[in-house]
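Let me begin by presenting the structure, written as structure tokens, before commenting on it.
Chain naming here is simple, since letters A, B, ... match the order of the sequence lines and numbering starts at 1 in each. As the structure is a computational prediction, the values presented were derived from the model and not from experiment.
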Amino acid sequence: MRPYQRQIAERIAEIVDPGDLDLSSLFSVPPDSTLGDLAFPCFQLARTLKEAPPRIAERIAEAAWEFPWLAEVVAAGPYVNFLYDSGAFSRDVLARVIAAGEAFGTSDVGEGKTVVVEFSSPNIAKHLAVHHLRSTMLGQVMVNLLRASGYSVVALNHLGDWGTNFGKLLAAWERYGEEEGLEDSLIETSDDPVALFNKLYVRINSEIETDPQLEETARAWFRKLEAGDPVARERWQRIRDVSWARFEKVYKRLGVSFDEVIGESFYEDKMPEIIDELAKTGLLVESEGAEVVALEEEIPPLLIRKRDGSTLYGTRDLASAEYRWGRWQFSRALYVVDAGQGLHFRQVFGVLRRLGRSYADRLEHTEFGIMRMNVDGQWIKGRTRKGQIVLLEDVLDDATALAREVVLRKNPDLGDSIEEIAEAVGVGAVVFSDMKARRGRDVNFDLEKFLSFEGETGPYLQYTHVRFCGILRKSEIDSSDHGDGSLLVEAEEKALLLCLDRFDTVIARAALEAEPSILSQYLLDLAGEFNAYYAKHRIISDDGDLTRHRLSLIDALRVVLSRGLRILCLEPLERM
RNA sequence: GGCCCUGUAGCUCAGUGGAUAGAGCACUAGCCUCCGGAGCUAGGUGUCGUACGUUCGAAUCGUACCAGGGUCACCA
């Protein structure tokens, strides 16, 4: 809690006896800034004190308040409103921001704790598509938020590199690889080897429909892969390598990186152990020829082994949870996976709970809404098979091209840096539009909206940052000569300082709730407040003292916006 | 049908049980002698899906219902 609020809560506790009521959780913000900066509603106290709220409010307001930073304490009906002294408040907030510098907003609540965040997790032999954007960016931003809160974080990519479909791919490779241009020696040097794999996959799927025999060939190839057959293994490894190389290019553009890339294949030899345990404890039961673990009444059992004895991805998720716990002893483990898998995770977590795993309650499915594609005017859930897949790279390219056009029009003399700026603005627009709404909401993939640069958008935030930089540059006053803020008494300045004051709690809440939009909304708020202020007041004026104090505010705003943008994987620019 | 999620302005969405529910987009009218107009200001709309309940107080919590979406065993 912020210092002012804590001190006020303590003082109230001296004036009236709160019993076991936690006063600090009761504060709110007055609906109108002219009423005050902090409000204390007396309803809860009325219950314990058996006294009317307005009377309590009066008693509190009339008591002695001797904090130098407090200008006014007034009772307003059942509320007590506190008005900070503008000069003192400004000085205190700015001093905290300047002292912390780029570290402002960070905390140590997570110190000594580890959080594992599984996100992105694309399938190899395919391209990253727009629908991967959500898991990828939400996950990376959660990682950034948690790190800002002092947690040690493991950013984990649970690569989809295993399954019977690779049997199909290997069968296709053997059958018509050469004829499709997949000459062995050329794979690594090909422009787009992943596209070749895609073609093979599509082709064998359509051929399987007319020739069911081929299905058996594919299964045979997968068995070879499982058994460690050198040819199968080598080809699979190459598919994995070229796919990863391709992913990394996109990840780099998005500011995404991983500490660990552990594919599903990794858990192949780790499943028997947990299956044995399930069998020994009697949880594993036979059902319709398959082996399952029953769960509570309202959710269906988790399928552990198919009729043919092979495992499923649920089995792999059990093994991966065991592995992660053993290796990291996490205090939280997040699965950044779409909401369509809600049942699956409830089943997996449920099985671990039935096994008595202490860590089961630390697993969180931080789900997000699906991305819908517009097909003939209808918003539908994207399907890879129908070929309407939109490549993530293409979206980023479109965004960058459009950004380049706009930047060039608005600011033609940026020289060589135009390419970098266009990339930052374009990608920023796409990323931010995905971070803006609560993660649980479904999003319609509307390219026009993704590429919008006006209103509540990424470029708007970047533009605001550019303004900060422009002012600081133009003033030619060194930051060591900035004022302490005690001259900042305008209402708009108070609003901005209250905004700055909130930053650390915003980060903390966003990390706790694994909800990037809390930060996005906050930054929009900050930028909006600033732009209104900027239109109304001059920062650099003839009044040298006032100028120096206002520059101090601008510098603090720049620090916070820059840090917030970085956490959201947007680049804070100096010019655009 | 069971379970999960979502219903707030024409559209997209904010809204930690507290005072008169807010932004952006779209539409209209303004604002560059002056820190970057990707901006700002002013215009107006709401049975907060419906009903009942809990509470001093409900968009927020509970129950039921309505509507939309997701999901329900041998894919991941």
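- Atom C1' of B/rC25 sits at a distance of 38 Å from the matching atom of B/rU63, rounded to the whole Å.
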List the steps and the verdict of side chain to side chain donor-acceptor pair (under 3.5 Å) for A/E515 and A/S517. CA-CA 6 Å; A/E515 183 55 273; A/S517 70; 3.1 Å; yes

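- Between A/F503 and A/Y522, the closest side-chain pair of non-hydrogen atoms falls below 4.5 Å.
- Atom P of B/rC52 sits at a distance of 14 Å from the matching atom of B/rA59, rounded to the whole Å.
- Ring orientation note: the planes of A/F450 and A/F445 are nearly perpendicular, at an angle over 60° on the 30°/60° scale.
- When each of B/rA19, B/rC72, B/rA38 is scored by its nearest atom to the side-chain atoms of A/A76, the top-ranked nucleotide is B/rA19.
- Within the nucleic acid shown, A/H537 comes within 4.0 Å of at least one base atom, counting heavy atoms only.
- Rounded to the nearest Å, the gap between the C1' atom of B/rU60 and that of B/rG49 is 15 Å.
- In terms of phosphate contacts, A/R473 brings no side-chain nitrogen or oxygen within less than 4.0 Å of OP1 or OP2 of B/rC35.
- Side-chain contact check for A/N531 and A/Y460: at least one donor-acceptor pair (N or O, by modelled atom type) lies under 3.5 Å.
- A sub-4.0 Å separation between OP1 or OP2 of B/rG15 and a side-chain N or O of A/R438 is present.
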Side chain to side chain contact (heavy atoms under 4.5 Å, CB included) between A/K168 and A/N205, worked out: CA-CA 8 Å; A/K168 285 185 189 169; A/N205 266 322; 3.2 Å; yes

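- Counting non-hydrogen atoms under 4.0 angstrom, A/E264 reaches the backbone sugars and phosphates but no base.
- Here A/R538 lies in heavy-atom contact (under 4.0 Å) with a base.
- For the C1' atoms, the distance linking B/rA14 with B/rA21 amounts to 11 Å, nearest Å.
- A donor-acceptor distance shorter than 3.5 angstrom exists from the side chain of A/H465 to the backbone of A/L573, with no hydrogens or angles considered.
- Counting only heavy atoms from C-beta on, A/Q521 has its side chain closest to B/rA14 among B/rC74, B/rA76, B/rA14.
- Annotation: B/rA67 and B/rA76 have their P atoms spaced 36 Å apart (nearest Å).
- Backbone-only contact: A/I471 has heavy atoms under 4.0 Å from sugar-phosphate atoms and none from a base.
- For the C1' atom pair drawn from B/rU50 and B/rU6, the interatomic distance equals 16 Å after rounding to whole Å.
- One can place CG of A/L557 at 20 Å from P of B/rC35, the figure rounded to the nearest angstrom.
- Base engagement by A/R47 is indicated by at least one non-hydrogen atom pair under 4.0 Å involving a base atom.
- Base engagement by A/S287 is indicated by at least one non-hydrogen atom pair under 4.0 Å involving a base atom.
- Ranking B/rA73, B/rC40, B/rC4 by closeness to the A/E288 side chain, first place goes to B/rA73.
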Can A/D481 and A/R548 be said to form a salt bridge (charged side-chain N to carboxylate O under 4.0 Å, His left out), step by step? CA-CA 7 Å; A/D481 289 330; A/R548 279 192 291 277; over 6 Å; no

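- Between A/R467 and B/rG37 there is a side-chain N or O to OP1 or OP2 distance below 4.0 Å.
- Side-chain N/O atoms of A/N531 and base N/O atoms of B/rA38 include no donor-acceptor pair closer than 3.5 Å.
- Across all strands shown, A/I540 has heavy atoms under 4.0 Å from base atoms, whether or not it also approaches the sugar-phosphate.
- Within the 4.0 angstrom heavy-atom criterion, base atoms lie near A/P30.
- Rounded to a whole angstrom, the distance from the P atom of B/rC61 to that of B/rG68 is 23 Å.
- Using atom C1' as the reference point in both B/rG10 and B/rA51, the two lie 27 Å apart (nearest Å).
- Using a 4.0 Å heavy-atom distance criterion, A/D442 is classed as a sugar-phosphate-only contact.
- Within the nucleic acid shown, A/F43 comes within 4.0 Å of at least one base atom, counting heavy atoms only.
- At the phosphate of B/rC40, OP1 or OP2 sits under 4.0 Å from a side-chain N or O atom of A/Y460.
- Ion pairing of A/R307 with A/E288 is absent here, as no side-chain N (NZ or NE/NH1/NH2) approaches a carboxylate O to less than 4.0 Å.
- Close to B/rC5, at under 4.0 Å from its OP1 or OP2, lies no side-chain N or O of A/R441.
- A stacked arrangement is not assigned to A/Y313 and the six-membered base ring of B/rC75, the conditions of a centre distance below 5.5 Å and an interplanar angle below 30° not being jointly met.
- Evaluation of A/Y79 against the base of B/rA19 yields a stacking contact (centre distance < 5.5 Å, interplanar angle < 30°).
- Nucleic acid contact for A/E515: none, since no nucleic acid atom lies under 4.0 Å from a heavy atom of the residue.
- Here A/A46 lies out of heavy-atom contact (under 4.0 Å) with every strand.
- In this structure, A/G342 reaches neither bases nor backbone, as no heavy-atom distance under 4.0 Å exists between it and the strands shown.
- Among the heavy atoms of the strands lying under 4.0 Å from A/K449 are primed sugar atoms or P, OP1, OP2 only; no base atom is included.
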